[in-house]
Amino acid sequence: MGSTANIQELEKQSVNLTKWFGGWKLIAFSIIFIIALIIAAGSYYQANHFNSEIKINSIDVGGMTTEQALNKLKTTTLTNVVYIGDQHILDGKDSKMRFTAKDLPSFNKLLKSQWTFFPSSKAKNYSLIPVSKDQFRNLTLKKQVEEKLLAMNQNLKVPQDAVVRLEQGKIVVSKSISGEQYDVGSLLKDYDKHKYISEIHLSPIFIQPIKEDSEFVKNEQKKLEEFLAQTVDYKVQDKIFSLTARDLIKNASITRDLKITLNDDGDIKNKLTEINHSQSTLNKDFTFKTHSGSMISVKGKGYGWAINVDKEVPRIKQALENGEKSVSASNIYGNGWKGEGYGYDAITNNGIGNTYAEVSIAEQRIWIYKNGKLVVTTNVVTGTHSTHHDTSPGVWYILYKQTPAVLTGRENGKITYQVDVNYWAPFTNDGQGFHDASWRGNWGSKAYLSAGSHGCVNTPPSIMKTVYSNLSTYEPVVIY
């Protein structure tokens, strides 16, 4: 009996326990289901709402959907106040943020980037720029900022760069001096990068002077050193004179693009004057070897040349500035009708060359040479000595040639004669020259003393054509 009763009691308790556990399973399942619903609802909310401490362009959008955040930013007013550091420099006109429906994808993308499984209170401030450009902010306000900065700079201390220059033949570098002016270009670049918020805070950026230890200055020093070592070969006739910058230039400046400018003529003029004195023939005595081989000295008159130093100086300066290696003399002058000089190309026979006419007053004879060879010689009659109409001694040149010609004599402004000649080759500006003289009967060697010409070299008609043919325009005529 006892054992049967115990078994029944145990069976009863087992049934009750089974019922109890079955009830708790239902309750547990219900709780889990409710929690799952809560989590699902929270996850959905998290996926569609910004976390509580999220800002966009410094505007609080915590707990908002992307549409709500977009609408809030669309209605936000930008005060467009501009600061540099702590200094308030500009109050711009109020404007609205230029967000539109086109910007919603950017908000959605931002929402995903800040998403957390569980709500987060971590503060974040995101920056967004509207798809549609804000023309006022990008153009009008930016231009106002630029104009304000430029106006402010006018009253601020200008920085001074270190400057390299040549002073009295030595390279010197001045020290740089800091200034207070703003670097407008850099500040405008900072402006372009600024976040799209009401107040624009720009970090102060100042124009920095070029320092004396900078690469700029080192390059300038190197360039000036190279310049001082530079040599220009100055060619005068067949001679070359080396002109070294270090010897001639005392003061020069250099630009940032390494262009050198000479600040004065230095010793260039003195050097060219020295060269001109040694090489030119104008108004000098020519050493001349006569037909007989004797050496005489003859004063240069019409014939001769010199360098126009004042016109050559700028050419040498420019050659040195531009790094040219050689320059040939080009500004040549003399006693020609228009100031031209003759004989520059004659580098033989002491500057007379090998093609010339020789006239001996004492011997009353001429000799004409072509390329060093005698081509014709003849007796002549020169100017009358007794009446002071002597043919003028000196080194002249053939001005021009004319055939036929009418010769006109003048004294005291009056015409004294006019004669026809077949050949005329003048060599002085006052009318002396070679010509035939068909009217002359006295061709003796002493005729010139009292019965000579008015200064011309009368040449026998029988040979004048040959003489004329062998006279060369601009070639020298040596009379002694």
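Quick caveat, the model's predicted, so the values are computed rather than measured.
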If you count heavy atoms of other groups shown closer than 6.0 angstrom to NE2 of His385, is the number above 12?
no

Does Asn276 offer a backbone N or O that forms a donor-acceptor pair with the side chain of Gln279 under 3.5 Å?
no

How long is the gap from NZ on Lys269 to CD1 on Ile316, to the nearest 0.5 Å?
14.5 Å

So Tyr196 and Phe99, would you call those rings parallel, tilted or perpendicular, with 30° and 60° as cut-offs?
perpendicular

Looking at Tyr182 and Pro204, what are the two nearest heavy atoms and their distance?
CE2-CB, 4.5 Å

Cationic N near anionic O, under 4.0 Å, Lys338 to Glu340
no

Do Val381 and Asn442 come close enough that some side-chain heavy atom pair is under 4.5 Å?
no

Please determine whether the number of non-hydrogen atoms from other residues, nucleotides or ligands lying under 6.0 Å from atom NZ of Lys211 exceeds 12.
yes

About how many Å separate CG of Leu228 and CD1 of Ile171, when rounded to the nearest 0.5 Å?
5.0 Å

Rounded to the nearest 0.5 angstrom, the CD1-CZ distance for Ile254 and Phe216 is 12.0 Å

Would the Tyr303 and Tyr474 ring centres measure less than 6.0 Å apart?
no

Quick test of your reading of the model: are Lys218 and Asp213 salt-bridged, counting only N-O distances below 4.0 Å?
no

Nearest heavy-atom pair of Ile268 and Lys317: which atoms, and what distance?
CD1-CG, 3.5 Å

Under 30°, 30 to 60°, or over 60°: which ring-plane class applies to Trp305 and Tyr344, parallel, tilted or perpendicular?
perpendicular

Would you tell me whether Arg365 and Thr377 have side-chain atoms, one donor and one acceptor, within less than 3.5 Å of each other?
yes

Within this structure, what is the NZ-CG distance for the pair Lys148 and Leu187, rounded to the nearest 0.5 Å?
14.0 Å

Donor-acceptor pair, side chain of Glu321 and main chain of Lys259, under 3.5 angstrom
no

Does the side chain of Gln418 pick up a donor-acceptor pair with the side chain of Thr408 at under 3.5 Å?
yes

Would you say the side-chain atoms of Asn335 pair up with the backbone N or O of Lys301, donor to acceptor, closer than 3.5 Å?
yes

Okay, side chain of Thr391, backbone of Ile361: is any donor-acceptor separation there less than 3.5 Å?
no

Enumerate, atom names and distances included, each donor-acceptor pair closer than 3.5 Å involving a side-chain atom of residues 346-353, sequence neighbours excluded.
unit_1, atom_1, unit_2, atom_2, d
Thr348, OG1, Asn354, ND2, 3.3
Asn349, ND2, Gly353, O, 3.0
Asn350, ND2, Thr287, O, 3.0

Output the distance between atom CD1 (Ile249) and atom OG1 (Thr244), rounded to the nearest 0.5 Å.
10.5 Å

State, to 0.1 Å, how close Glu324 and Val232 come at their nearest heavy-atom pair, and which atoms those are.
O-CG2, 3.3 Å

Checking the side chain of Asp264 only, and the main-chain atoms of Gly266 only, is there a donor and an acceptor separated by less than 3.5 Å?
yes

Can you tell me if His291 has over 12 outside heavy atoms packed within less than 6.0 Å of its NE2?
yes

Would Glu274 and Lys271 count as a salt bridge (charged side-chain N to carboxylate O under 4.0 Å, His left out) if you check the C-alpha gap in whole Å, the side-chain angles of each, and the deciding distance to 0.1 Å?
CA-CA 5 Å; Glu274 176 186 316; Lys271 185 61 177 179; 3.4 Å; yes

Just by distance, with hydrogens left out, do Ser292 and Thr290 show a side-chain donor and acceptor under 3.5 Å apart?
yes

Validation row, ring centre Tyr356 to ring centre Phe288 under 6.0 Å:
yes

How many angstroms lie between NZ in Lys299 and OG in Ser392, if you round to the nearest 0.5 Å?
14.5 Å

Using atom types as modelled and distance alone, determine if a side-chain donor or acceptor of Lys96 lies under 3.5 Å from a backbone N or O of Thr75.
yes

Asp86 atom CG: more than 12 heavy-atom contacts under 6.0 Å
no

Do Asp94 and Asn80 come close enough that some side-chain heavy atom pair is under 4.5 Å?
no

Ignoring hydrogens, what is the shortest heavy-atom contact between Gly85 and Tyr83? Give both atom names and the distance.
O-CB, 3.7 Å

Is there a side-chain contact between Ile368 and Asn470, using heavy atoms and a 4.5 Å cut-off?
yes

Closest non-hydrogen atom pair, Ala101 against Pro105
O-CD, 4.0 Å

When you measure from the side chain of Lys401 to the backbone of Leu471, do you find a donor-acceptor pair of N or O atoms at a distance under 3.5 Å?
yes

When the aromatic ring centroids of Phe241 and Tyr234 are compared, is their separation below 6.0 Å?
no

Which atom of Asp161 lies closest to which atom of Ser174, heavy atoms considered
O-OG, 4.2 Å

Taking the six-membered ring for Trp, are Phe434 and Tyr468 ring centroids under 6.0 Å apart?
no

Test Lys142 against Asp192 for salt bridge (charged side-chain N to carboxylate O under 4.0 Å, His left out), laying out the working first.
CA-CA 8 Å; Lys142 181 179 178 180; Asp192 290 336; 3.0 Å; yes

Applying salt bridge (charged side-chain N to carboxylate O under 4.0 Å, His left out) to Arg315 and Glu312, what does each step give before you reach the verdict?
CA-CA 5 Å; Arg315 297 183 66 236; Glu312 287 291 273; 3.1 Å; yes

Within 6.0 Å of NZ in Lys74, more than 12 heavy atoms from elsewhere
yes

So, Glu220 and Arg256, do they make that salt bridge, N to O below 4.0 Å?
yes

Would you kindly say whether Gln364 and Ser445 are connected by a side-chain donor-acceptor distance under 3.5 Å?
no

Does the Thr403 side chain pair with the main chain of Tyr423, one donor and one acceptor, at a distance under 3.5 Å?
no

